[in-house]
J.: 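Take a look at the following structure, please.
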Amino acid sequence: MYPYQYDPRFQNLFPPGGGQGFPPGGGDQGFPPQGGAQPPSSPPPAFTPTPKLGSGGPSLYAVDPGAISGCLYRYTYIWPRNGRPYWFYPTFVGRRSVAGYRWTGSFWVYAGVDVNQIREFQCV
């Protein structure tokens with residue numbers, strides 16, 4: 001059917017149950033993986049934190065997954081490299097990604113973000 005032969009060296013190229021560092025168990029954007037953590041029962045704080053990096057200009061440093069793991073199950077404000085900042089409630093930290101719940105302004109939606117796309121974060 002395919003003109004290419006199977007090569008077992010590429011068997012683990014796409015690891016099962018999570019792939020890009022997201023938690024195993026699936027979970028499409030907006031829907032948590034089965035058996036995963038629940039969203040917070042209340043909205044995030046009413047205030048907006050002030051970024052510590054200052055002017056909001058470009059940063060040369062990537063966010064370390066080990067640093068953001070201290071924000072697990074805590075309200076966390078994310079300043080992305082592109083786009084508007086938002087409240088996030090992380091429930092999983094992988095090697096290159098963070099998954100959890102993003103506040104839409106009305107409710108929590110399950111989402112994931114690549115740590116390279118985070119300019120700055122602050123958990124409260």
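Atom set for the values below is all heavy atoms of this structure, side chains included, hydrogens, waters and symmetry mates excluded.
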J.: Heavy atoms only: give me the nearest V124-P45 pair and the separation to one decimal.
T.: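 Smallest heavy-atom distance, with atoms named: CG2-CG, 3.9 Å.
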J.: Side chains of S42 and Y75: any donor to acceptor distance under 3.5 Å?
T.: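 A pair is found: one side chain offers a donor N or O, the other an acceptor, under 3.5 Å apart.
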J.: Determine whether W87 and P49 make a side-chain contact, defined as any pair of heavy atoms from C-beta on separated by less than 4.5 Å.
T.: yes
J.: Roughly how far, to the nearest 0.5 Å, is CZ of R119 from CZ of R81?
T.: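 Going from CZ on R81 over to CZ on R119, the span is 8.5 Å.
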J.: Would you call the rings of Y101 and Y89 parallel, tilted or perpendicular, where under 30° means parallel and over 60° means perpendicular?
T.: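 Tilted: the ring planes of Y101 and Y89 meet at 30° to 60°.
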J.: Please confirm whether the ring centroid of Y77 lies under 6.0 Å from the ring centroid of W79.
T.: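 Here the rings of W79 and Y77 have centres that are less than 6.0 Å from each other.
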J.: Atom OG in S41, atom CH2 in W108: separation rounded to 0.5 Å?
T.: 10.5 Å
J.: Out of curiosity, Q122 CD to T48 OG1, how far, rounded to the nearest 0.5 Å?
T.: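 Rounded to the nearest 0.5 Å, the CD-OG1 separation comes to 10.5 Å.
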J.: Tell me if the CZ atom of F107 is crowded by more than 12 foreign heavy atoms within 6.0 Å.
T.: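 Open: at most 12 neighbouring heavy atoms sit under 6.0 Å from CZ of F107.
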J.: Looking at every non-hydrogen atom in both residues, tell me the closest pair between N116 and D114 and how far apart they are.
T.: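 That would be N-OD1, 2.8 Å.
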J.: Taking all non-hydrogen atoms of both residues into account, name the closest pair between T91 and L72 and its distance.
T.: C-CD2, 3.5 Å
J.: Hey, does P51 have a side-chain heavy atom less than 4.5 Å from the side chain of E120?
T.: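 A side-chain contact exists here, since the closest heavy-atom pair is under 4.5 Å.
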J.: Cation-pi between R102 and F88: NZ/CZ under 6.0 Å from ring centre and within 45° of the ring axis?
T.: no
J.: I need the single residue from C71, P90, P65 that forms a side chain to side chain contact (heavy atoms under 4.5 Å, CB included) with V98. Which is it?
T.: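 Filter result, single survivor: P90.
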J.: Any sub-3.5 Å donor-acceptor pair from T76's side-chain atoms to R74's backbone N or O?
T.: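 Between the backbone of R74 and the side chain of T76 there is a qualifying donor-acceptor contact (under 3.5 Å).
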J.: Is any side-chain heavy atom of P40 closer than 4.5 Å to a side-chain heavy atom of W103?
T.: no
J.: Could you state the interatomic distance from CZ (F121) to CD1 (I78), rounded to the nearest 0.5 Å?
T.: 7.5 Å
